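First up is the structure itself, then whatever we jot down about it.
Given the structure is predicted, the values throughout are model-derived calculations rather than measurements.
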Amino acid sequence: MNCNDNHIIFDELKSLVDRSALIWLTIMAGAALMIGLLCLAGALPTAALWSLVWLVPTVPALWLVVCRYHKKARTLAQKQQISIMAYHARQVLGQLLPQVPDTMISDSRIKMRYLARHGIDIDAAMTRLGQNTEKYNELAMAFLKISDKYEDTLYDLMQRDTLMQYGAYAHVLRVRANELGIVNLTDTAFFHEMEAYAGDLDTIRNNWKKLSFELDEAYSILSEYVKSLDLKDDAIDKDGNHMSFRKWGEQLQKAFEALETYDTQKARTILNELVRFPIDSDITQALKGILSNIDEMMAV
């Protein structure tokens with residue numbers, strides 16, 4: 001992924017074109033000299049010199065061809081180097097990207113004991129998720145984002161004519177709480193779900209404070225856990241704009257695809273955008289290195 005390689009390839013191709021043009025010029029000059037000498041020696045009539053007129057348009061035409069092939073050589077050299085660079089960039093980032101979740105996973109495994117100490121059945125939750133720590137963390141952050149919505153929606157649906165919707169929404173809450181191992185909230189949500197389907201509004205209202213309390217408690221416990229890991233599901237630029245890690249990864253893939261099809265302008269645009277949303281210092285440095293290489297290669 002060194003720009004010097006690009007210069008070497010370009011110089012070799014350009015030299016090949018120049019040598020080919022020089023051979024043709026030598027042949028043409030030799031033919032013209034032979035005709036001129038034969039005319040001077042009287043072996044050919046002077047009118048034969050008119051046959052050399054073809055040299056007048058041929059020389060500039062050859063010059064244009066050489067320039068055209070120099071440009072083609074430059075393009076080929078750039079494409080070759082871009083292709084190599086895209087391959088090596090994938091290798092480098094392929095080594096860097098796993099380091100971020102790996103560190104987070106090991107840290108999460110330790111700090112998940114905090115959840116266990118506060119009544120969350122983390123072992124059962126992790127078993128259901130196939131020991132996928134990243135998935136648990138994603139679910140925890142998703143729950144935190146919409147926990148207020150759960151409470152507000154359930155409260156609004158706690159009416160005689162909307163008990164069926166209340167039961168359906170309590171079911172959703174039960175499933176989400178169960179995924180995270182929040183045993184108390186799972187049981188309470190199930191109780192509200194069944195009472196709603198039974199049409200017992202009074203029992204639901206009498207037990208509303210318990211559900212509200214357990215929702216707040218679950219939020220508090222998961223919030224502390226997420227804060228302890230400094231978990232985030234998006235990257236933020238200096239102006240406060242957000243980009244999700246999922247979208248960041250998708251954009252990086254598009255940048256590599258653009259490089260592999262030699263669309264350097266598209267790749268440069270995407271990479272410049274990704275650099276604005278740093279997710280890791282080493283990865284950001286690697287992206288800046290790729291951008292630098294693109295600029296150097298296109299300057300040849």
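- Distance check, rounded to the nearest 0.5 Å: CG of L185 to NZ of K210 gives 9.0 Å.
- A salt bridge links E179 to R176: one of the charged nitrogens lies within less than 4.0 Å of a carboxylate oxygen.
- Y225 and N137 share a donor-acceptor pair across their side chains, judged by distance under 3.5 Å alone.
- Relative ring orientation between F143 and Y150 is described as tilted, the plane-to-plane angle lying within the 30° to 60° band.
- What you find for L211 and H192 is that their closest heavy atoms are CB-NE2, 3.7 Å.
- When atom types are taken as modelled, the side chain of T127 and the backbone of D123 share a donor-acceptor pair closer than 3.5 angstrom.
- No path of Ile, Leu, Val, Met, Phe, Trp and Tyr side chains, each step under 4.5 Å between heavy atoms, connects I120 with F213, placing them in separate hydrophobic clusters.
- Residues passing the salt bridge (charged side-chain N to carboxylate O under 4.0 Å, His left out) test with K266, sequence neighbours excluded: none.
- The line from CG of L129 to CG of L180 is 8.0 Å long, rounded to the nearest 0.5 Å.
- Within a 6.0 Å radius of OH in Y155, no more than 12 heavy atoms belonging to other residues, nucleotides or ligands are found.
- Classification of D200 and R205 as a salt-bridged pair fails, no side-chain N sitting under 4.0 Å from a carboxylate O.
- Considering only heavy atoms from C-beta on, T203 comes within 4.5 Å of F191 through its side chain.
- Side-chain atoms of L252 and L271, non-hydrogen and from C-beta on, do get closer than 4.5 Å to each other.
- Between the CD atom of E193 and the OG1 atom of T186 there is a distance of 11.5 Å, given to the nearest 0.5 Å.
- C39 and P45 make their closest contact through SG-O, 3.4 Å (heavy atoms, listed as atom of the first residue, atom of the second, distance).
- Here CE of M141 is found 12.0 Å from OG of S223. Values are rounded to the nearest 0.5 Å.
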Test side-chain contact (heavy atoms from CB on, under 4.5 Å) applied to E214 and D187, step by step: CA-CA 10 Å; E214 288 178 359; D187 292 342; over 6 Å; no
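- The two residues A170 and L154 make their nearest non-hydrogen contact at N-CD2, 3.8 Å.
- Put simply, CG on L215 and OH on Y219 are 12.0 Å apart, with the number rounded to the nearest 0.5 Å.
- Considering only heavy atoms from C-beta on, Q159 stays 4.5 Å or farther from L201 through its side chain.
- For the pair T26/L22, a side-chain contact is recorded, criterion being any heavy-atom separation below 4.5 Å from C-beta on.
- G181 and A125 get closest at one heavy-atom pair: N-CB, 3.8 Å.
- Contact annotation: the side chain of N178 never approaches that of F190 to less than 4.5 Å [non-hydrogen atoms, C-beta and beyond].
- Under the 4.5 Å side-chain heavy-atom criterion for Ile, Leu, Val, Met, Phe, Trp and Tyr, Y197 and W208 are members of distinct hydrophobic clusters.
- Transitive grouping of hydrophobic side chains (ILVMFWY, heavy atoms separated by less than 4.5 Å) brings Y114 and I182 into a common cluster.
- At a threshold of 4.5 Å between non-hydrogen side-chain atoms, the residues R276 and N272 do not count as touching.
- For M34, the CE atom is loosely surrounded, since the number of other residues' heavy atoms within 6.0 Å does not exceed 12.
- Contact of the D156 side chain with the Y166 side chain is not registered, since no non-hydrogen atoms from C-beta on lie closer than 4.5 Å.
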Decide yes or no on side-chain contact (heavy atoms from CB on, under 4.5 Å) for I270 and F256, but give the supporting numbers first. CA-CA 10 Å; I270 294 173; F256 282 134; over 6 Å; no
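- The cluster map of Ile, Leu, Val, Met, Phe, Trp and Tyr, joined by side-chain heavy atoms under 4.5 Å apart, puts V183 and L222 in different clusters.
- Cluster annotation: L173 and I146 are assigned to the same hydrophobic cluster (Ile/Leu/Val/Met/Phe/Trp/Tyr, side-chain heavy-atom contacts under 4.5 Å, transitive).
- Put simply, NZ on K288 and CG on L274 are 13.0 Å apart, with the number rounded to the nearest 0.5 Å.
- Side-chain contact between E217 and H118: absent, with no pair of heavy atoms (C-beta onward) separated by less than 4.5 Å.
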